[in-house]
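Worksheet: the structure to be examined is printed underneath.
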There are 2 protein chains.
Amino acid sequence: MKSQRSDCPVSQSLDIWGDKWSLLIIRDLMTAKQCTYGDFLKAPEGIATNILAARLFQLEENGLIEKLDHPESKAKVLYKLTPKGIDLLPVMVEINLWAEKYFNIPADRKAQLKEVKKDKEGFIKAGMKELRRS
Amino acid sequence: MKSQRSDCPVSQSLDIWGDKWSLLIIRDLMTAKQCTYGDFLKAPEGIATNILAARLFQLEENGLIEKLDHPESKAKVLYKLTPKGIDLLPVMVEINLWAEKYFNIPADRKAQLKEVKKDKEGFIKAGMKELRRS
DNA sequence: GTTTGCACTTGCAAAACGCAAGCAAACCTA
DNA sequence: TAGGTTTGCTTGCGTTTTGCAAGTGCAAAC
């Protein structure tokens, strides 16, 4: 176990996913429900394959994601969020809302967030339910 | 300006504060309203002084914090959150709530979060108002 | 006017990152 | 069933970032 810097909740959280890539992996899993290794590599940010492997391992180690057999092929792997990872949805939503206020973001994302703002609680509840179902 | 990796809101956010230290600086400023350079160094996580200087510069550059003259001494500096930084409060609250569910956190923080959960909206609204006032 | 405090800067070793290439197991194709 | 392709990684290696310790310059205190 990586040494934790303090018992502060924020600090402990950052110890796990406080880097430039982990939350992007979580994001991909929240939008796609499940991803293969190759899916993550296809993300527009262009994560390096060794970094991806390291992050996936770390996220699994910390119980945010889990690895499953692909139903169609032994060569493929499926990654998906655990309940602990799914519970990051509210954090992810707030990040999106903050970013929307201060950055230029794609029109489709903007439209989506407009919906979110109409009923944040409802969106999150429905989103988490959907993620748990998959 | 640091190159942005994509136009995804999450990615753009992480480009700015996606590291192990930035949100801890924001946290300190949210709880203390204003901090000197030395205050940040005193935080339990023990940030190195060169890293602190780099992060403060980066956060100021990106408009999350601002530097002010200390009213009592020219040798001191005061850092505080800008509106853009204050707007991260909802993100910070959700991180705390997530962490509370999955980590062991200090009793006083736990008690505080119990209050937050009673009226999250209200807490955030009041907190932001307070931060803007200072 | 010398010491102390404060906000940094500098030097350097260690760790993390990022790119490119390699690799084994599964799979597909003829 | 042989040979190429896809998939999920691992390895090497140069570059960047981090972290520790020491140093610097200015302001205030004594």
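Below, read A as the first sequence line, B as the second, and so on, with proteins coming before strands; counting in each chain starts at 1.
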When the nearest nucleotide of DNA chain C is assigned to A:Trp21 and to A:Lys76 on a heavy-atom basis, which residue is associated with the more 5' position?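 Nearest nucleotide further toward 5': that of A:Trp21.
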Can you work out whether B:Tyr79 or A:Ile47 has the more 5'-proximal nearest nucleotide on DNA chain C?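 With B:Tyr79 and A:Ile47 compared, the 5'-side residue is B:Tyr79.
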Measure CG/A:Leu41 against P/D:dC9 and give the value in whole Å, please.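 In whole Å, D:dC9 P lies 10 Å from A:Leu41 CG.
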Rounded to whole Å, the CG-C1' distance (A:Asp69 to D:dT7) equals 14 Å
Side chain of [X] only, please: which of [options] is the nearest?
X: A:Thr49; options: D:dA27, D:dA22, D:dT10; value: D:dT10
X: A:Asn50; options: C:dA7, C:dA16, C:dC19; value: C:dC19
X: A:Ile51; options: C:dA7, C:dG18, C:dC27; value: C:dG18
X: B:Arg55; options: D:dA27, C:dT9, D:dT18; value: D:dT18
X: A:Tyr37; options: D:dG8, C:dG18, C:dA7; value: D:dG8
X: B:Ala53; options: D:dG19, D:dC9, C:dC8; value: C:dC8

Tell me whether the side-chain N/O atoms of A:Ser73 come closer than 4.0 Å to OP1 or OP2 in C:dC27.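 Yes, because at least one side-chain N or O of A:Ser73 sits under 4.0 Å from OP1 or OP2 of C:dC27.
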Whether B:Lys74 contacts C:dG5 is assessed here as follows: a side-chain N or O lying under 4.0 Å from the phosphate OP1 or OP2. Is that the case?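 Indeed not, no polar side-chain atom of B:Lys74 lies that close.
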Determine whether A:Thr82 and A:Glu66 satisfy the following criterion, side chain to side chain donor-acceptor pair (under 3.5 Å), listing intermediate values before the conclusion. CA-CA 6 Å; A:Thr82 61; A:Glu66 61 182 337; over 6 Å; no
Under 4.0 Å between any heavy atoms, over every strand shown, what does A:Lys20 touch: base, sugar-phosphate, or nothing? Just pick one. nothing
Okay, side chain of B:Gln12, backbone of B:Arg5: is any donor-acceptor separation there less than 3.5 Å? no
Hey, is the main chain of B:Ile25 close enough, under 3.5 Å, to the side chain of B:Tyr79 for a donor-acceptor pair?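 No, because the side chain of B:Tyr79 does not come within donor-acceptor range (under 3.5 Å) of the backbone of B:Ile25.
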Apply the side chain to side chain contact (heavy atoms under 4.5 Å, CB included) test between B:Leu64 and each candidate in B:Ile16, B:Leu29, B:Asp87; give the one that qualifies. B:Ile16
